[in-house]
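Keep in mind that the numbers below use all heavy atoms, side chains included, and drop hydrogens, waters and symmetry copies.
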Amino acid sequence: MRRCLSWLSCVLLLALSLTSAARDIATKVATIPTLKTDPLVKVAELVVPYGYPLDVHNVETKDGFILMLLRIPHGRTDVEAASSAKLRQPVGTAASRPVAFLQHGLLDSAAGFLVNGPGRSLAFLLADAGYDVWLGNVRGNTLSRSHAFLDASDERFWQWSYDEMAAYDLPAMMQYALSTSGAPSLRYVGHSQGTTVLLAALAGPTGAGRVPWQHASDSDAVAKGAPAVPVGVVERAVLLAPVAVAKHISSVPLLAMAAMGTDDMFTLMGLHEFLPSQELVAQLEGRLCVVQPYLCVSFLAALCGYNPSNLDITRLPLYLGYTPAGTSVQNMAHWAQALRARAPNSMRYFDFGVNCASFSGRCNQRVYGSIEPPRYNLTAITTPLAVFTGTQDRLSTPLDLEYLRESLGPDVVKLSKNLEAYEHLDFIWGIDAKELLYDDVLRFLSGDDDDVGSTAANQGSSAAL
């Protein structure tokens, strides 16, 4: 027990030190040339040198956050792969290519779908297959740190969790991608928290309790708890390492935050951003990667997990240049609450507590009009889903996934495939992801459900070798 507590303390101290150190060196970071520190320039270096086009769009949410959307409108050679029967848009639509929307996971950015390069990362594979690829970035990460009237140094900038991502970020980005491309709908791929946000946006709240973004001025449909993303916007969706019900997560840092109230500790220290990615820190960690590769991802490994035998070790310094990309302490607190939840098969909105006299002044009664926060109505989801899981995944555990399947409506999950050796980060970093995973993802997105089923069974068994 003592050893366990000591390990938990060490992990927490590491997280605290990385977070506070990044804040303390902000003035030093400003001395580094802009060309090296601009996150957009860094992401462009993953795409443009390989001959792919990259468009950058800024989208403002209803609550003022300015999000960066990346677009790879076609593949490297601009071959009209979308002319195939499986990818052709309905007659009369403006778009010549179907839209594929990719949403990153916790503490990540759109770079997660790009870091393994052409032929291996999913964004490039989709572009080469004829898709118009859009990559979202949620509020607070390195590519979405702007607001219409709040500065990132203002604590109000960080008062959100994945509730707001589902209510504001995802609908704004999806609507923009569809209106710009001219497509009537899109196909979605989410990893980790990217699956959480989609499920929340498709579900909406249960019961009569209100949620903060549903005001009296909203339409009747929204006021009655309609989902943030309407039915039909997402044709079909792929969930990579899905995390929704999170009662049985085995991630040591998250377990520590849940057990020791670390979210409150961060707040008392005046820290509202969790694990920001600053250039100076990334450079130091990158040099450490060269000397001892495994040390530089020690916290990410403890938090998420990856299979060292399925990783290109030479690319670790590259990964550390883009992740962790930061999130809010409140978002991490929301995940800690999921671990403490009494009901193992529910997905709830953020719990502000019942003390309305607290320093923040926020409580469930004022925010939701009830003692308990509302639950997400997962049974309302009708979008066809493909679920890809890993037996070794410490964030997306088999028991929680079973609860998720039970919470969804019948026949919603069209495909379920498990990769025996996969951990959480293998779904984006794994060197064999194309063969064991992405080929099936492309087949499902194109509508070849039957072909995916037979292929998945064969590859699923081989993944355990």
Side-chain angles (χ1 to χ4, degrees), residues 53-59 61 67-75 81-105 110 112-114 122-138 165-191 193-204 226-240 242 381-388 412 414-415 438 441-449 452:
L54 180 65
D55 300 339
V56 180
H57 303 262
N58 291 318
V59 181
T61 66
L67 313 177
M68 183 179 292
L69 258 178
L70 304 180
R71 182 189 190 187
I72 304 177
H74 56 77
S83 62
S84 65
K86 291 294 184 181
L87 295 183
R88 189 179 299 129
Q89 288 289 340
V91 175
T93 61
S96 60
R97 294 169 178 268
V99 169
F101 191 97
L102 309 185
Q103 188 56 55
H104 63 79
F113 291 108
L114 300 166
L122 184 57
F124 297 113
L125 294 171
L126 287 166
D128 288 335
Y131 286 92
D132 181 0
V133 181
W134 293 76
L135 300 101
N137 288 284
V138 295
M165 298 176 197
Y168 295 118
D169 296 4
L170 206 57
M173 291 188 292
M174 285 183 172
Q175 182 180 12
Y176 185 93
L178 292 178
S179 63
T180 303
S181 67
S185 59
L186 56 83
R187 302 164 204 192
Y188 184 96
V189 181
H191 172 243
Q193 185 179 259
T195 70
T196 315
V197 173
L198 176 71
L199 292 172
L202 293 176
V229 173
V231 175
V233 170
V234 182
E235 286 184 48
R236 47 183 48 214
V238 172
L239 310 183
L240 305 178
I381 297 174
T382 59
T383 302
L385 304 177
V387 178
F388 294 87
V412 170
K414 303 299 183 183
L415 169 68
Y438 295 156
V441 168
L442 266 68
R443 276 189 285 268
F444 177 81
L445 291 178
S446 70
D448 285 336
D449 294 16
V452 174

Item to check | Side chain proximity check, Trp134 to Met173, heavy atoms < 4.5 angstrom | outcome: no
Checklist entry - Quick one: side-chain contact (heavy atoms from CB on, under 4.5 Å) partners of Val56, sequence neighbours excluded? => result Leu40, Met68, Leu70
Checklist entry - How long is the span from the CD1 atom in Ile381 to the CG atom in Leu198, to the nearest 0.5 Å? => result 7.0 Å
Checklist entry - Short question: side chain of Asn137, backbone of Ala110 - any donor-acceptor pair under 3.5 Å? => result yes
Next on the checklist: Test your reading of the model: is there a side-chain donor-acceptor pair from Arg71 to the backbone of His57, 3.5 Å cut-off?
Outcome noted: no
Next on the checklist: Are the side chains of Lys414 and Arg236 in contact, using a 4.5 Å heavy-atom criterion?
Outcome noted: no
Next on the checklist: Within the 4.5 Å heavy-atom criterion, are Met165 and Thr196 side-chain neighbours or not?
Outcome noted: no
Item to check | Leu445 vs Tyr131 side-chain heavy atoms within contact, under 4.5 Å | outcome: yes
Checklist entry - Measuring from Ser446:OG to Arg187:CZ, what's the distance to the nearest 0.5 Å? => result 7.5 Å
Next on the checklist: Between Thr180 and Ala177 (side chain of the first, backbone of the second, donor and acceptor by atom type, cut-off under 3.5 Å), is there such a pair?
Outcome noted: no
Checklist entry - With sequence neighbours excluded, what pairs up with Phe113 under the ring-ring contact (aromatic ring centres under 6.0 Å, His included) test? => result none
Next on the checklist: I'd like to check the side-chain contact (heavy atoms from CB on, under 4.5 Å) partners of Ala166; sequence neighbours left out, ordered by chain and number.
Outcome noted: Val197, Ala200, Ala201
Item to check | All side-chain hydrogen bond (donor to acceptor under 3.5 Å, both in side chains) counterparts of His191, not counting sequence neighbours | outcome: none
Checklist entry - Heavy atoms, side chains only, cut-off 4.5 Å: are Val441 and Leu125 in contact? => result no
Item to check | Pairs satisfying salt bridge (charged side-chain N to carboxylate O under 4.0 Å, His left out), at least one member in residues 172-186, at least two apart | outcome: none
Next on the checklist: Checking Thr195 now: which residues fulfil side-chain hydrogen bond (donor to acceptor under 3.5 Å, both in side chains) with it, not counting sequence neighbours?
Outcome noted: none
Checklist entry - Is any side-chain heavy atom of Leu126 less than 4.5 Å from a side-chain heavy atom of Leu442? => result yes
